[in-house]
Number of protein chains: 2
Amino acid sequence: MSGGTTVQHLEVTAPIFAALGDPSRLSIIERLGADGPLPTTRLNGPGSGVTRQGITKHLRVLENAGLVESFRVGRDRLWRLRTEQLVIARGYLDQVSAEWDGRLARLKSLVESGSE
Amino acid sequence: MSGGTTVQHLEVTAPIFAALGDPSRLSIIERLGADGPLPTTRLNGPGSGVTRQGITKHLRVLENAGLVESFRVGRDRLWRLRTEQLVIARGYLDQVSAEWDGRLARLKSLVESGSE
DNA sequence: AAGAGACGCAACCAGGAGGTTGCGCATGGA
DNA sequence: TCCATGCGCAACCTCCTGGTTGCGTCTCTT
């Protein structure tokens, strides 16, 4: 584990987490992950409790975060999941917890040996 | 990989992502992960560009999300990272992207075989 | 004992986020 | 051709959030 393993920085990851940090948006992500590319209206439905415009806004946020992409087919706009950003976020979480686990181990051995 | 692997639901994960979705807070998480338990003031410093109270607020948000915990030592309150929630969030991201990858593969084979 | 350092609580403030409504424009189907 | 459907754009509103200041309390140090 030599240093410099392309750590994704705050400025990259924070917006991703921010985009995921809303129940409506996270729900959209789930549905897109499970039921493949879907038109805006299908993402709406009575279960969402939000207007179509509301959904559209959320989709734009997700798009800006790079979490989804869209393409038009006829009069529909289809939305599809992009996993790249999810992978980045996942890697970030991995890094942080790994770093902390390592530090914990080091602290523990310090305490046990009593050295400084 | 048979189904039902204790999927963490929206209501659990969204708050975690929301807490991580702020640059200041994510920065705190990083520092706590790297430099172990730290007092509030140490998290502050000139690099943060925020008041101590601002940091305290962020810490409370992180605490409510279960991402950090604290304990007092003398007149300091030390903050420590908790990895449980990080693991949950990571697992969630794993699930979603895995699901989508599977769906993609299925869609592809559908197109190639021309069935359905 | 007294000053300084670290914190907690509360009030306050500006801006952005989530959400809505209204309207106009294309596209598909009868 | 005409109507319904699916979107896009824009204005608007409310509430939460990030951030600040002020002040009081406790603990450590000298």
Side-chain angles (χ1 to χ4, degrees), chain A residues 10-11 13-32 35-81 85, chain B residues 10-11 13-32 35-81 85:
Chain A
L10 286 172
E11 297 135 9
T13 51
I16 304 179
F17 289 131
L20 293 174
D22 178 276
S24 305
R25 285 197 291 267
L26 208 49
S27 160
I28 291 178
I29 293 285
E30 283 190 7
R31 284 216 52 192
L32 285 184
D35 302 337
L38 288 173
T40 312
T41 315
R42 201 76 63 79
L43 267 327
N44 192 11
S48 67
V50 186
T51 319
R52 172 184 62 91
Q53 293 302 330
I55 298 289
T56 296
K57 272 197 174 183
H58 282 306
L59 285 169
R60 227 198 289 276
V61 173
L62 290 172
E63 188 177 36
N64 287 339
L67 289 165
V68 302
E69 63 187 355
S70 71
F71 51 100
R72 292 206 71 158
V73 172
R75 60 186 169 186
D76 292 351
R77 155 150 276 139
L78 296 196
W79 296 90
R80 169 170 45 199
L81 200 60
Q85 302 296 87
Chain B
L10 287 172
E11 297 136 9
T13 51
I16 304 179
F17 289 131
L20 294 173
D22 178 275
S24 305
R25 285 197 291 266
L26 208 48
S27 160
I28 291 178
I29 292 285
E30 283 190 7
R31 284 216 53 192
L32 285 184
D35 301 338
L38 288 173
T40 312
T41 315
R42 202 77 62 78
L43 267 326
N44 191 11
S48 66
V50 186
T51 319
R52 171 183 64 91
Q53 293 302 329
I55 299 289
T56 297
K57 273 197 174 183
H58 282 305
L59 285 169
R60 228 196 292 274
V61 173
L62 290 172
E63 188 178 35
N64 287 338
L67 288 165
V68 302
E69 62 187 356
S70 71
F71 51 100
R72 293 206 70 158
V73 173
R75 60 185 170 188
D76 293 351
R77 155 150 276 138
L78 296 197
W79 297 90
R80 168 171 43 198
L81 199 60
Q85 303 295 87

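Chain identifiers are assigned alphabetically (A, B, ...) following the order of the sequence lines, protein sequences preceding nucleic acid strands; residue numbering begins at 1 within each chain. Basis for what follows: all heavy atoms, side chains included, without hydrogens, waters or symmetry-related copies.
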**Complete:** When rounded to whole Å, the CD1 to C1' distance for the pair B/Ile55 and D/dT17 reads 15 Å
**Message:** Using side-chain contact (heavy atoms from CB on, under 4.5 Å), reason through B/Leu20 and A/Ile16 one step at a time and then give a plain yes or no.
**Reply:** CA-CA 9 Å; B/Leu20 294 173; A/Ile16 304 179; over 6 Å; no
**Fill in**
Separation between CG (A/Leu59) and CH2 (A/Trp79), nearest 0.5 Å, reads 4.5 Å
**Message:** OP1 or OP2 of D/dC7 versus the side-chain N and O atoms of A/Thr40: is any pair under 4.0 Å?
**Reply:** yes
**Message:** Tell me which pairs pass salt bridge (Lys or Arg N to Asp or Glu O under 4.0 Å) where either residue lies in residues 35-51 of chain A, with sequence neighbours left out.
**Reply:** A/Arg31-A/Asp35
**Complete:** Residue set satisfying side chain to side chain contact (heavy atoms under 4.5 Å, CB included) with B/Thr56, at least two apart, ordered chain then number -> B/Thr40, B/Arg52, B/Gln53, B/Arg60
**Prompt:** In whole Å, what is the span from the CG atom of A/Leu20 to the P atom of C/dA17?
**Reply:** 16 Å
**Fill in**
Rounded to the nearest 0.5 Å, the OG1 atom of A/Thr13 sits from the CD atom of A/Gln85 at a distance of 10.0 Å
**Prompt:** Where along nucleotides 18-29 of chain C does protein come under 4.0 Å, by heavy atom, of base (B) or sugar-phosphate alone (S), with - for untouched nucleotides?
**Reply:** BBBBB----BB-
**Request:** Measure the distance from CZ on A/Arg42 to C1' on D/dG6 and round it to the nearest whole Å.
**Result:** 12 Å
**Request:** Evaluate the side-chain contact (heavy atoms from CB on, under 4.5 Å) criterion for residues A/Glu69 and A/Phe71: first the C-alpha distance (whole Å), next the side-chain angles of each, then the deciding distance (0.1 Å), finally the verdict.
**Result:** CA-CA 7 Å; A/Glu69 63 187 355; A/Phe71 51 100; 5.6 Å; no
**Global bending angle along the helix from C/dA1-D/dT30 to C/dA30-D/dT1, which compares the axes of five pairs at either end, to 10 degrees** = 30°
**Request:** Mark yes or no for whether A/Asp76, through its side chain, and A/Leu78, through its backbone, hold a donor-acceptor pair below 3.5 Å.
**Result:** no
**Item:** Qualifying residues under side chain to side chain contact (heavy atoms under 4.5 Å, CB included), relative to A/Ala14, sequence neighbours excluded
**Value:** B/Pro23, B/Leu26
**Prompt:** For the pair made of CG in A/Asn64 and C1' in C/dA17, what is the distance, rounded to whole Å?
**Reply:** 14 Å
**Item:** Rounded distance in Å - CZ (A/Phe17) to C1' (C/dA17)
**Value:** 20 Å
**Distance, rounded to the nearest Å, where B/Leu43 contributes CG and C/dA6 contributes P** = 13 Å
**Prompt:** Rounding to a whole Å, what distance do you find between B/Asp76:CG and D/dT25:P?
**Reply:** 20 Å
**Complete:** Winner on side-chain proximity to A/Arg60, out of D/dG6, D/dC9, C/dC9, is D/dC9
**Asked** Mind checking what makes side chain to side chain donor-acceptor pair (under 3.5 Å) contact with B/Asn44, not counting sequence neighbours?
**Response** B/Ser48
**Request:** Nearest whole angstrom, please: distance from the C1' of D/dC28 to the CZ of B/Arg77.
**Result:** 17 Å
